[in-house]
Amino acid sequence: MKGQLIKALAFDDQIRVFVVDATDLVKRAQEKHQTWHTATAALGRSLVATALLSANLKGDDHLLVQIKGNGPLGLISCDGDTQGRIRGYVSNPNVALELNSKGKLDVARAVGLPGSLKVSKYLADSEAFTGQVELISGELGEDFTYYMAVSEQTPSSIGLSVLVNPDESVQSAGGFMIQVLPGTSDEVIDQLETRIKSLGSLSELIDGSEAITDLLDSLVGLNNSRVISQQPVEFYCPCSKERFRKSLAVLDSNMLQQMIDEDKGAEVICQYCSATYQFSEEELKAILANQ
Ligand code: ZN
């Protein structure tokens with residue numbers, strides 16, 4: 001199972017469930033940014049959450065997630081759309097901290113409190129929406145759960161997981177978002193809470209699942225849900241040389257002249273995917289002449 005997200009209804013349509021296997025997405029992000037393990041876990045969990053939140057959008061909507069703590073990572077920025085096309089970066093990819101007291105990657109310390117979690121939604125048919133909350137743990141799953149409750153008034157349970165191999169590669173990544181729909185019986189809520197508490201390690205569960213529906217079954221029980229939709233999730237960056245040419249064209253002419261005179265060209269690196277684009281002296285001169 002690689003790179004799939006499913007939306008389902010469970011417990012006789014009383015519960016909405018999103019489940020994602022984002023192994024390929026996080027693997028690509030780690031390779032592109034050469035993140036070290038604690039940074040991989042933090043960026044990976046943010047990418048998984050972005051995939052889950054993006055699945056809640058419609059049509060041409062897209063969203064931007066920004067996490068800024070006072071830890072060594074700096075800013076984590078991710079965006080995604082309804083097609084499951086997700087990308088992201090972290091200011092400092094070279095963060096490798098000692099494991100925490102539970103023997104887990106210390107994402108909370110790498111993110112660092114105090115800090116904020118901001119979600120901006122760009123909606124095709126209405127005004128953009130921005131919600132922001134203070135970080136409450138830095139482990140990110142709890143922070144996104146808190147964000148959903150406070151900013152979107154949608155009580156949710158969110159689990160995010162990234163398993164990193166000793167050689168820094170990503171073994172597995174994924175997560176879930178469970179939402180209780182209005183009118184859900186207390187009995188169902190109790191059953192669900194008990195199930196989630198007894199889940200055990202989410203990363204082992206994801207790593208051990210052959211199909212994404214196995215993960216769904218582990219969460220809500222066998223034959224207790226129906227899948228509404230299934231879609232791929234991938235690392236995707238729409239950057240191109242043409243897009244960067246347009247960004248260079250709006251630079252101050254003195255700055256462009258300086259690049260021509262002193263650097264004899266320019267090398268532009270996409271923050272989101274680390275792709276590199278070269279502009280020759282002649283290309284810069286053409287951009288300057290067209291300003
Ligand atoms: Zn890019």
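When a ligand or atom number is given, it counts from 1 through the structure's own listing order. The structure displayed is predicted, hence computed values, not measured ones.
- Of all heavy-atom pairs between C273 and F235, the closest is CB-CE2, 3.9 Å.
- Residue pairs meeting the side chain to side chain donor-acceptor pair (under 3.5 Å) criterion with at least one partner in residues 96-109, sequence neighbours excluded, are D106-R109.
- Ring geometry for H62 versus Y122: interplanar angle under 30°, hence parallel rather than tilted (30 to 60°).
- Inspection of the Y272 and S77 side chains reveals an N or O donor paired with an N or O acceptor under 3.5 Å.
- Cation-pi geometry between K241 and F279 is satisfied (NZ or CZ under 6.0 Å from the ring centre, within 45° of the ring normal).
- Under 2.8 Å from the Zn ion (ligand 1), one finds the following protein N/O/S atoms: C237 SG, C239 SG, C270 SG, C273 SG.
- Although no hydrogens or angles enter the test, the distance criterion places a donor-acceptor pair under 3.5 Å between the side chain of T38 and the main chain of L97.
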